[in-house]
Amino acid sequence: MPEDATRSDDDKRNSGKREDYLAWNEYFMLVARAASMRSKDPQTQVGCVIVNEDKVIVGTGYNGLPAGCDDDKFPWGKGNENPLENKYAYVVHAEQNAIMNKIGGSIRGCTLYTTLFPCNECAKLIVQSKIAKIVYQNDKEDWRSAAARKMFQVQNPPILSERYEPSGREIRISL
Ligand SMILES: O=c1ccn([C@H]2C[C@H](O)[C@@H](COP(=O)(O)O)O2)c(=O)[nH]1
């Protein structure tokens with residue numbers, strides 16, 4: 001029997017590659033979005049992915065408490081007069097976690113995908129790590145992101161930042 005006779009008609013017609021695969025930007029932003037879903041912050045969930053020049057993910061993170069700090073015992077609010085009772089005193093930012101969690105050595109030249117444009121504190125670490133480019137989804141456009149942009153722009157070469165262009169693709173995943 002010829003080998004071809006064992007293949008279904010569908011197989012024979014579909015001899016090319018799939019065309020609706022995720023684009024790289026969609027893929028990395030989707031992973032950043034998935035990471036953000038681990039956050040316990042009731043207001044703002046941020047996810048971040050660091051990708052090297054070979055398009056390999058070398059770090060991921062989301063905003064959460066430092067190791068050993070119980071999610072149920074530390075505050076998640078932000079309106080308390082006592083700074084010790086606000087989340088800001090404790091939360092590690094998504095970008096900070098992704099940088100801290102990176103596998104391997106240097107992340108020089110990597111691209112950082114984040115669901116929220118980095119604040120000034122994250123920007124300091126991004127600059128020091130020699131990350132080359134930021135792809136972001138949302139921007140609070142406050143003084144913190146302005147300070148971050150200022151630090152990115154004075155680098156030589158500047159750290160590029162690009163707003164993620166939504167593709168319009170909808171993904172429904174049952175877990
Ligand atoms: O670059 C950033 C900026 C902020 N975050 C985290 C820190 C907090 O958990 C939230 C911000 O909370 P708001 O209630 O919106 O002020 O986002 C981050 O991970 N990365």
Side-chain angles (χ1 to χ4, degrees), residues 24-52 56-104 106-155 157-166 171 173:
W24 283 118
N25 262 12
E26 289 179 315
Y27 171 53
F28 295 130
M29 195 50 84
L30 181 63
V31 178
R33 291 279 294 275
S36 76
M37 295 172 81
R38 279 282 308 154
S39 178
K40 321 286 187 326
D41 189 323
Q43 259 88 39
T44 307
Q45 302 84 43
V46 187
C48 178
V49 166
I50 300 172
V51 178
N52 74 11
V56 174
I57 293 175
V58 294
T60 66
Y62 57 89
N63 50 330
L65 292 176
C69 298
D70 190 329
D71 287 324
D72 294 315
K73 296 205 172 113
F74 280 75
W76 284 108
K78 55 182 176 179
N80 204 298
E81 274 180 21
N82 178 356
L84 291 181
E85 293 305 323
N86 289 328
K87 65 179 174 182
Y88 298 121
Y90 310 103
V91 170
V92 184
H93 289 191
E95 300 89 326
Q96 295 166 345
N97 268 327
I99 291 171
M100 291 302 296
N101 294 341
K102 71 177 193 297
I103 43 170
S106 168
I107 48 173
R108 177 185 283 268
C110 287
T111 298
L112 182 143
Y113 286 77
T114 177
T115 59
L116 181 66
F117 191 84
C119 73
N120 58 310
E121 294 301 328
C122 295
K124 294 173 193 175
L125 294 186
I126 290 168
V127 167
Q128 295 300 73
S129 310
K130 309 279 182 225
I131 283 172
K133 184 176 168 186
I134 314 292
V135 181
Y136 65 97
Q137 190 178 36
N138 301 307
D139 187 353
K140 283 193 171 183
E141 292 181 13
D142 56 9
W143 68 265
R144 292 179 182 83
S145 58
R149 281 181 198 284
K150 208 166 162 179
M151 288 184 265
F152 294 158
Q153 279 159 8
V154 298
Q155 302 307 309
I159 297 175
L160 306 171
S161 65
E162 171 186 299
R163 191 163 211 146
Y164 173 74
E165 184 84 41
I171 295 179
I173 300 172

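Throughout, numbering of the chain's residues begins at 1 and tracks the sequence. Whatever order the structure lists them in is the order used to number ligands and atoms, beginning at 1. For the numbers below, each heavy atom of this structure counts, side chains included, while hydrogens, waters and symmetry mates do not.
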>> Going by salt bridge (Lys or Arg N to Asp or Glu O under 4.0 Å), name the pairs with one or both residues in residues 127-141, residues two or more places apart or in two chains.
In response: Lys133-Glu162, Asp139-Arg149
> Got a second to check how far Lys40's NZ is from Gln45's CD, nearest 0.5 Å?
Replying inline: 11.5 Å
> Parallel, tilted or perpendicular: which fits the ring planes of Tyr90 and Phe74, with parallel below 30° and perpendicular above 60°?
Replying inline: perpendicular
> Any side-chain heavy atom of Asp41 within less than 4.5 Å of one from Tyr62?
Replying inline: no
>> So, using salt bridge (charged side-chain N to carboxylate O under 4.0 Å, His left out) as the criterion, who are the partners of Glu85 when residues are at least two apart?
In response: none
> Quick one: side chain to side chain contact (heavy atoms under 4.5 Å, CB included) partners of Lys102, sequence neighbours excluded?
Replying inline: Ile107
>> With a 4.0 Å heavy-atom cut-off, what residues sit around ligand 1?
In response: Asp41, Gln43, Thr44, Val46, Asn63, Lys78, Lys87, Tyr88, Val91, His93, Ala94, Glu95, Leu116, Phe117, Pro118, Cys119, Cys122, Lys140
